[in-house]
Structure formats: C-alpha cells, structure tokens
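All remarks here apply to the structure that follows.
For the numbers below, each heavy atom of this structure counts, side chains included, while hydrogens, waters and symmetry mates do not.
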Amino acid sequence: MIQRIQSIWLLLASVAAFMVLRFPFYYTPTPNSLEITGSNSTGTLITLAFSACLSAIAIFLYGNRKLQAKVTIVNFLLSAVIVFLVYRVSNTNPGGGFTLFSIALFAMPIFQILAIVKIYKDEHLVKSADRLR
C-alpha cells in the first residue's frame with residue numbers, strides 16, 4: 001500500500017488539505033486585520049474536509065486501481081473548486097496577500113495529478129505483465 005508512489009502523493013494531498021483547514025492562507029493588514037483559513041467559510045470548510053477525506057480514502061483503494069483513479073479525479077475536480085473559492089475570497093478582500101501556507105492550497109491539485117499519473121502507469125504495468133503470462 002504505502003510502497004506505491006501514488007500513496008505518497010495522496011498522503012501529501014491529504015496533509016496539504018488539512019494544513020489549509022488549520023493555518024491561514026490569506027491575510028489583510030491593519031486596520032481591518034483579517035486572516036482567512038479554510039474553516040472561515042462553510043463552503044470552503046466542507047469541500048476541504050471532503051477533499052482531505054477523499055485523499056485519505058483513496059490511499060486504501062490500492063487494490064482497485066480503476067476506482068482509485070476515479071476517486072482521485074473527482075478529488076482533483078474538487079480541489080479546482082477549492083482554488084476557485086479561495087480566488088473568490090481573495091477578490092472580495094482586496095489589499096491582502098497570501099501566506100506561506102497558501103503553497104499547500106496550490107500544491108493539493110498538483111499532488112493529485114501526480115497520483116493520477118502514477119496510478120495509470122501502475123495500471124499499465126499490470127496490464128503489460130498480464131499480457132506476458
């Protein structure tokens with residue numbers, strides 16, 4: 001399970017989603033000091049928690065690579081929605097900036113794409129080994 005590289009990418013995506021939930025990814029300076037985390041908005045909270053759980057669940061679907069790939073693709077689309085929600089929040093609060101933890105927000109979809117690529121490579125390897133038998 002964990003020896004497969006896609007499990008590592010999915011684990012990193014899950015950790016990144018939990019980091020975005022906990023740590024602020026956007027701030028506005030004084031006088032209206034505001035730090036925005038993933039738990040400030042209900043929509044962002046639900047999608048981030050669901051994305052983190054989907055990444056964690058997909059790790060344990062290593063026996064069924066096609067289902068693992070489908071779950072990871074859905075999770076990638078969900079991450080795109082999360083990035084859109086964050087973009088919308090940043091536009092409604094001008095004059096602020098992204099924090100260091102916002103890297104985790106933008107790394108989530110990248111980790112999921114890398115996991116999808118490795119899942120399909122693994123599936124291709126298994127199919128080629130089956131042809132040799």
Just verifying a value: how many Å separate Cys53 SG and Phe18 CZ, rounded to the nearest 0.5 Å?
5.0 Å

In Å and rounded to the nearest 0.5 Å, what is the CG to CD1 distance from Leu45 to Ile82?
10.5 Å

Could you see if Phe98 belongs to whatever hydrophobic cluster contains Tyr27? Use Ile, Leu, Val, Met, Phe, Trp, Tyr and a side-chain cutoff under 4.5 Å.
no

Please say yes or no: joined through hydrophobic side-chain contacts below 4.5 Å, possibly via intermediate residues, are Phe76 and Tyr120 part of one cluster?
yes

Cluster overlap Val83 with Phe25, hydrophobic side-chain contacts below 4.5 Å:
yes

What is the distance from atom OH of Tyr62 to atom CG of Asp122, rounded to the nearest 0.5 Å?
12.5 Å

For the atom pair CZ (Phe50) and OG (Ser55), what is the distance rounded to the nearest 0.5 Å?
10.5 Å

What orientation do Phe101 and Phe23 show, parallel under 30°, tilted 30 to 60°, or perpendicular over 60°?
parallel

Before you tell me yes or no, could you show the steps for Leu48 and Met108 under side-chain contact (heavy atoms from CB on, under 4.5 Å), namely the whole-Å CA-CA distance, both residues' side-chain angles and the distance that decides it to 0.1 Å?
CA-CA 10 Å; Leu48 271 170; Met108 271 189 332; 3.9 Å; yes

Taking every heavy atom of Gln68 against every heavy atom of Ala58, the minimum-distance pair comes out as NE2-O, 2.8 Å

Hydrophobic cluster membership, with links at side-chain heavy-atom distances under 4.5 Å among I/L/V/M/F/W/Y: are Val74 and Val71 in one?
yes

Can you get from Val81 to Phe84 by hopping between Ile, Leu, Val, Met, Phe, Trp and Tyr side chains that sit under 4.5 Å apart?
no

Parallel under 30°, tilted from 30 to 60°, perpendicular over 60°: which one fits the rings of Trp9 and Phe111?
parallel

Residues Ile8, Leu12; criterion side-chain contact (heavy atoms from CB on, under 4.5 Å); working and verdict
CA-CA 6 Å; Ile8 301 295; Leu12 288 173; 4.3 Å; yes

Closer than 3.5 angstrom, by distance alone: can the side chain of Ser51 be matched with the main-chain N or O of Leu78 as a donor-acceptor pair?
no

Quick one: NZ on Lys70 to CG on Asn64, what's the gap to the nearest 0.5 Å?
8.5 Å

Roughly how far, to the nearest 0.5 Å, is CG of Leu105 from OH of Tyr87?
14.0 Å

So, applying side-chain contact (heavy atoms from CB on, under 4.5 Å) with Ile116, which one of Ile73, Asn75, Leu10 is it?
Ile73

Start with the C-alpha distance between Gln6 and Thr72, add both sets of side-chain angles, then the distance that settles side-chain contact (heavy atoms from CB on, under 4.5 Å), and finish with yes or no.
CA-CA 10 Å; Gln6 64 260 27; Thr72 307; over 6 Å; no

